[in-house]
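This is a predicted model, so every value here is computed, not measured. The sequence lines fix the lettering, A, B, ..., with proteins before strands; numbering per chain opens at 1.
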There are 2 protein chains.
Amino acid sequence: MLSQKTSDAAPSAHDRVYRALRSRIMHGQMSPGEALTLRGIGKEFGVSMTPARESVRRLVAEGALTLSASGRVSAPELSNERIEELAALRALLEVELASRALPRAHMALIDRLQTINMNVAEMVSKRDAVGYIRTNLEFHRTLYLRAQAPAMLAIAETVWLQLGPTMRALYGRLGRTEPPHNHKLIIAALKAGDEPGLRLAVRSDVTHGLRLLAG
Amino acid sequence: MLSQKTSDAAPSAHDRVYRALRSRIMHGQMSPGEALTLRGIGKEFGVSMTPARESVRRLVAEGALTLSASGRVSAPELSNERIEELAALRALLEVELASRALPRAHMALIDRLQTINMNVAEMVSKRDAVGYIRTNLEFHRTLYLRAQAPAMLAIAETVWLQLGPTMRALYGRLGRTEPPHNHKLIIAALKAGDEPGLRLAVRSDVTHGLRLLAG
DNA sequence: CGATTGCTGATGTGATCACAAAGGATCCAT
DNA sequence: ATGGATCCTTTGTGATCACATCAGCAATCG
């Protein structure tokens with residue numbers, strides 16, 4: 001799911017469009033229900049309808065966009081049931097990924113996570129929703145990359161993608177002064193080599209924000 | 001992932017092609033490495049390259065097909081690491097799905113599972129690889145549908161899809177006389193309301209065959 | 001004043017075409 | 001016989017076009 005081609009030497013037009021839209025969706029730069037048109041995308045990226053269509057179809061296949069019965073495409077408006085299910089999926093997958101990353105997590109990685117976490121805190125203090133989502137996902141991805149489980153990570157990213165448009169809405173309702181407390185628990189558990197603690201911390205981090213959105 | 005459109009009233013050309021190819025891949029009717037061409041697909045289904053391309057792109061996005069650097073498309077040849085990872089994913093997801101289905105599993109469902117299981121046994125005795133794969137997946141899907149977790153089920157089916165072309169290769173090496181013993185354990189655990197037993201049985205069923213393929 | 005019907009612009013779909021690149025086969029040289 | 005270079009066929013990509021359909025809006029009627 002991450003890289004369509006095994007070699008990304010020649011970025012085709014549809015791939016460029018795909019990546020741009022994907023990033024926009026995953027980072028909460030689209031609101032739920034917001035519509036897109038093929039001709040509009042084509043115009044924005046200077047391509048014809050063909051690559052625009054392929055990008056959109058691919059994103060629809062990944063659940064990042066919704067296709068209405070008439071073929072109109074828009075960012076999904078998730079039901080509470082679906083949000084809860086996606087949150088459960090995040091918990092299931094990311095706990096496993098973190099657990100697999102734990103034995104390989106050396107100091108260099110933990111340092112990097114702490115640096116990223118400072119950026120997360122900065123985004124929170126700046127009330128930068130998009131920046132917060134991006135750095136937060138970067139924190140998780142950096143950890144999970146150590147799990148050496150690309151298929152699992154790809155699926156986890158697909159779940160993030162599906163939650164993207166809903167994320168910003170979450171940020172709005174969220175008690176914003178919250179520094180990333182759970183991230184510190186994750187880092188502490190990594191340092192201590194405490195697997196049960198790590199699993200719990202990841203589960204809490206992933207579940208907490210989404211629970212209040214669904215409820 | 002399952003239904004591209006919320007309403008499947010008007011089956012568009014690319015959707016028809018997509019479904020046909022998807023079924024072919026998932027049921028092991030394509031060998032790993034087998035190539036496809038857009039014009040060939042178009043000719044086979046009586047459509048132009050456009051719907052053929054969309055179907056293929058969608059299947060590539062789902063990991064059901066592999067796109068070479070030059071855009072050529074073929075059924076994936078999975079590495080052992082990837083097979084093991086996909087097996088782990090199946091275990092993770094399907095144990096959860098079974099666990100969620102358990103409290104909702106009434107007698108009617110168990111009866112249905114037993115009927116399907118007879119078909120599985122029949123396919124095994126007939127040495128029908130495709131039929132075996134199809135009925136086996138039907139067994140699992142029937143159970144998981146009770147979990148009321150469409151997103152999770154969709155992801156599980158994506159994993160099945162990725163394993164599809166490899167499945168038949170598995171069947172060849174598999175001790176074929178094996179009747180679906182683990183399926184009986186699953187049914188027994190469902191009858192007894194035994195959640196730990198169910199989790200173990202599902203994990204064994206999902207993991208066993210794939211382990212020897214990867215090893 | 002509100003609901004319904006009819007219309008118009010906008011939108012997705014699929015076909016076709018031109019083009020570039022890749023793969024394979026053939027031919028030649030060693 | 002074998003290795004390599006060359007040519008040609010096949011293949012994917014992206015653009016454009018014709019067509020059917022849908023959404024939104026306006027005019028009309030109750």
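Partners of P76(B) under the side chain to side chain contact (heavy atoms under 4.5 Å, CB included) rule, at least two apart in sequence or in another chain, are T66(B), L78(B), P165(B). Take H183(A) and apply the ring pair (Phe, Tyr, Trp, His ring centres under 6.0 Å) test, not counting sequence neighbours, and it matches F139(A), H140(A). By the side-chain hydrogen bond (donor to acceptor under 3.5 Å, both in side chains) test, R100(A) is found to be paired with E96(A), residues two or more places apart in sequence or in another chain being considered. Partners of A101(B) by side chain to side chain contact (heavy atoms under 4.5 Å, CB included), not counting sequence neighbours, listed by chain and number: L143(B), R146(B), A147(B).
Near-neighbour residues of DNA chain D inside residues 31-40 of chain A, defined by a heavy atom below 4.0 Å, are absent.
Remark: P of dT11(D) and CD1 of I41(B) are 11 Å apart, rounded to the nearest angstrom. In this structure, the CG atom of L67(A) is 12 Å from the P atom of dA23(D), given to the nearest Å. Remark: P of dA15(D) and CZ of F45(A) are 14 Å apart, rounded to the nearest angstrom. E54(B) has its CD atom 15 Å from the P atom of dG12(D), to the nearest Å.
Side chain S70(B) to base dA21(C): no donor-acceptor pair is found below 3.5 Å. Between the side chain of R53(A) and the base of dG14(D), no donor-acceptor pair under 3.5 Å is found.
Toward the 5' end of DNA chain D, the nearer of the two residues M49(B) and R72(A), judged by each one's closest nucleotide, is M49(B).
Within the structure, the salt bridge (Lys or Arg N to Asp or Glu O under 4.0 Å) test picks out no pair touching residues 27-43 of chain B (sequence neighbours left out).
Here the nucleotide nearest the side chain of P51(A), chosen from dC17(C), dA15(D), dT10(D), is dA15(D).
Distances shorter than 4.0 Å separate some side-chain N or O of S48(A) from OP1 or OP2 on dA15(D).
The CD atom of Q148(B) sits 11.5 Å away from atom CG of L97(B), with the distance rounded to the nearest 0.5 Å.
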